[in-house]
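I have placed the structure first, in the form of structure tokens, so that the comments after it can refer back to it.
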Amino acid sequence: MAFAVHNSLTRTKEPFRSLEPGVVRMYNCGPTVYSRPHVGNYRAFLFADTLRRWLEYSGFRVEQVMNITDVGHLTDDADDGEDKLEKQARKEKLDPWAISRKIAAQFFADLDALGVRKAKVYPKASEHIPEMLEIIDGLIAKGHAYVVGGDVYFDVKSFPRYGRLSGNRVEDLAAGARIAVREEKHNPEDFALWKSDPAHVMKWATRFGPNGFPGWHIECSAMARKHLGDRIDIHTGGEDNIFPHHECEIAQSEGFTGVPFATYWMHAKFLQVDGGKMSKSLGNVYSLDDVQAKGFSARALRFALIRGHYRQPLNFTWDIMRESTSALEGLDDMVVRLRRALHGEGASPSADDGLESFADVKAEFEAAMDDDLNTPRALAALFKLRTHVLEGRLGISAAAVALQFVERRANSVLGCIQTEAATIDAEIETLIEQRQAARKAKDFKESDRIRDELLARGIVLEDGQSGVTWKRK
RNA sequence: GGCGGCAUAGCCAAGCGGUAAGGCGACGGAUUGCAAAUCCGUUAUUCCCCGGUUCGAUCCCGGGUGCCGCCUCCA
């Protein structure tokens, strides 16, 4: 078994090897907490979560850090650029700190609902100013950065590898730049490490002046270093982060430490909605609340967002949510049937029947995940197992092994299959019995009435040859 | 204008040089008191278009077209 990942840095699939055997240090670019997280955000975070889960499945201990950016994001790079948080704060008539706390809380609640495993730490930019300043000072000392007034800029020309991640050439950037060239920068492509602006609400006094705040990219360099060290194994983010954010992080971190920053850079493709881009003006920027208000569960959303490969475009529509819900039910149902097969119900006569085909399924599942987290293929393997189960091809022993695999292993990676046995209370049980009695008496009007009543309570009845079974809708 | 990615059935979505996985939906049949679930069958002679390389291309190359992302602190 060998895990291979697509490395944005080399644009190729490479065998995964951690710096330290058995341990993976991973940094995920998290949200900027100025507005409600949406399905597009979830895709990127679910990708990171799936990666972490697969690494853990593979036996690694994962040191995972996801940052919370709560300061310093300008809406543009010009002089009158306004901090996104502060802009939102003005709109809502709250102070920016309140906004960031509110959104961060929503973000954590969403992650929880989506079944995302918790990172070791979720560092906040605002709480790592000293760490950022340490790097900034170091970069100035090494000639990678220069001070102009109360601002500090990174000198891109001092870092020849700048552009390697994104494929951008510095000359092209300068030529096509839409940002206004700022006079005090040595070169247009230089980026800010520290800025000063008295109008800024979130600001810190430093040797660069009383009204300073950090540039966007420096926070990640500082927090990754503080919580994971100078060198990390994996750095993830949305594809939009490749440039300029990650490109700049590399320049800062490596310029400062002198050693390679992240071995692997992995980026999730943007989620499309209705086949196109997601935008506020189109009204298709959905949050978890919107999805749930339409009657879909968080785990169905999780399924919908991980069923496509993370580097392929993935579409989101309400039809797709319906489809995902149905497909997931099939997987839930497989677990129920496997559990029944343990008692011989729907099982193949010989206990070991189906062990080989199960082994094939497991091998395919693992091979697919090892191949750069190919979740669609892994899911296909699971659906193949479902077919085997429905056809009654698994004996009791095979069913036990398969159930254990689905519950403990496959779902430890997917995190959305309903594996807990559902229970019903005595009242429901009585109703089911009453319906059976009515059916026996051929009082179908009454039996259908009870069936409808149960359906209204979320219980679906299935009349089989060996009696009735129920499941939750 | 520069850089990168994608285009596969009604809808999603794998495959990426050897003759099209899987899911959802739809239709026909079986089963059922009726349903639901399940089972059987049908649903891409073909992978955006045009050239080329090859014994052979969805997969490689060139050119179009369309969509997505970055170059604007949006995952």
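Numbers restart at 1 for each chain; the letters A, B, ... are given by sequence-line order, proteins then strands.
For A:R322 against B:rC11, no side-chain N or O and base N or O form a donor-acceptor pair under 3.5 Å. In the interface, the side chain of A:D463 is paired with the base of B:rA35 through a donor and an acceptor atom under 3.5 Å apart. No N or O donor and acceptor, one from the side chain of A:R451 and one from the base of B:rA36, sit under 3.5 Å apart. Applying the 3.5 Å distance criterion, the base of B:rG33 shares a donor-acceptor pair with the side chain of A:D448.
The distance from atom CD of A:E247 to atom P of B:rG4 is 13 Å, rounded to the nearest whole Å. Rounded to a whole Å, the CD1 atom of A:I450 is 15 Å from the C1' atom of B:rA35. Atom NZ in A:K471 sits roughly 13 Å away from atom C1' in B:rA35 (whole-Å rounding). If you measure from atom CE of A:M202 to atom C1' of B:rC73, you get 14 Å, rounded to the nearest angstrom. With rounding to whole Å, A:E345 atom CD is found 13 Å from B:rU38 atom C1'. Residue A:L455 contributes atom CG, which lies 10 Å from atom C1' of B:rA35 at whole-angstrom precision. Taking atom NZ on A:K445 and atom P on B:rA35, their separation rounds to 19 Å, with Å as the unit. Put simply, CG on A:L314 is 14 Å from P on B:rG69, counting in whole angstrom units.
Closest approach to the A:V460 side chain among B:rC34, B:rA36, B:rA13 is made by B:rA36 (side chain taken as heavy atoms from C-beta onward). In this structure, the nucleotide among B:rC3, B:rC34, B:rG15 sitting nearest to the side chain of A:N168 is B:rC3. Checking B:rC71, B:rG33, B:rA75 against every side-chain atom of A:N41, the shortest atom distance belongs to B:rA75. When distances are taken from the side chain of A:R337 to each of B:rG69, B:rA37, B:rC34, the shortest belongs to B:rA37. Residue A:E391 places its side chain closer to B:rC40 than to any other of B:rA13, B:rC40, B:rG33.
Heavy atoms of A:R439 sit under 4.0 angstrom from at least one base atom. Within 4.0 Å of A:L382, counting heavy atoms only, lies no atom of the nucleic acid at all. Residue contacts for A:G167: at a heavy-atom cut-off of 4.0 Å it reaches the sugar-phosphate backbone alone, with no base atom in range. A:R164 comes within 4.0 angstrom of no nucleic acid atom, judged by non-hydrogen atoms across all strands. Contact annotation for A:D240: base contact, defined as any heavy-atom pair under 4.0 Å involving a base atom. Note on A:H245: nothing from the nucleic acid sits closer than 4.0 angstrom, heavy atoms only. Residue A:S447 is classed as a base contact, given a heavy-atom separation below 4.0 Å to a base.
Remark: B:rU72 base-pairs with no nucleotide; criterion is Watson-Crick or G-U wobble with both hydrogen-bond distances under 3.5 Å. Of the nucleotides present, B:rG23 is the one that pairs with B:rC11 by Watson-Crick or G-U wobble criteria, both distances under 3.5 Å. Shown here, B:rU58 forms no base pair; nothing in the strands shown gives a Watson-Crick or G-U wobble contact with both key distances under 3.5 Å. B:rU38 is paired with B:rA30 under the Watson-Crick or G-U wobble criterion, all donor-acceptor distances under 3.5 Å.
The C1' atoms of B:rU43 and B:rA20 are separated by 15 Å, rounded to the nearest whole Å. On the C1' atoms, B:rA14 is 15 Å away from B:rC24, given to the nearest whole Å. B:rC60 sits 8 Å from B:rG17 when the P atoms are compared, rounded to a whole Å. Taking atom P in both B:rU54 and B:rC39, the straight-line distance is 48 Å, to the nearest Å.
Stacking is found between A:F270 and the pyrimidine-like six-membered ring of the B:rA75 base under the 5.5 Å centre-distance and 30° plane-angle cut-offs.
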(Q) Using a 4.0 Å heavy-atom cut-off to protein, can you give one letter per nucleotide of nucleotides 16-23 of chain B, 5' to 3': B if the base is in contact, S if only the sugar-phosphate is, - if neither? (A) -----BSB
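Between A:R451 and A:D448 there is a salt bridge, since a side-chain N of the basic residue sits under 4.0 Å from a carboxylate O of the acidic one. We find that A:R225 and A:E131 are not joined by a salt bridge, their nearest charged nitrogen and carboxylate oxygen being 4.0 Å or further apart.
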Identify every side-chain donor-acceptor pair in residues 438-445 of chain A under 3.5 Å, counting partners at least two apart or on other chains, and give the distances.
residue: A:R439; atom: NH1; partner: A:D463; partner atom: OD1; Å: 3.2
residue: A:R439; atom: NH1; partner: A:D463; partner atom: OD2; Å: 3.4
residue: A:D443; atom: OD1; partner: A:E446; partner atom: N; Å: 3.2

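Checking A:R311, A:H6, A:H246, A:H235 one by one against A:H267, the side-chain hydrogen bond (donor to acceptor under 3.5 Å, both in side chains) holds for a single residue, A:H246.
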Q) What do the steps show when you test A:D332 against A:R337 for salt bridge (Lys or Arg N to Asp or Glu O under 4.0 Å), and what is the final call? A) CA-CA 9 Å; A:D332 296 344; A:R337 287 171 193 267; over 6 Å; no
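Closest approach of A:A145 to A:L193, counting heavy atoms only: CB-CD1, 3.6 Å.
Each of A:K269 and A:G276 has a nearest nucleotide on RNA chain B; the 5'-most of these lies closest to A:K269. Nearest-nucleotide assignment on RNA chain B puts the 5′-proximal partner with A:K13, out of A:K13 and A:H217.
Aromatic ring centres of A:F154 and A:Y162: separated by at least 6.0 Å. For an aromatic pair to be called close, the ring centres must be under 6.0 Å apart, and A:H217 with A:F191 satisfies this.
Side chain of A:D190 to backbone of A:K185: no donor-acceptor contact under 3.5 angstrom is found. Side-chain atoms of A:R36 never come within 3.5 Å of backbone atoms of A:Y286 as a donor-acceptor pair (strictly under, hydrogens ignored).
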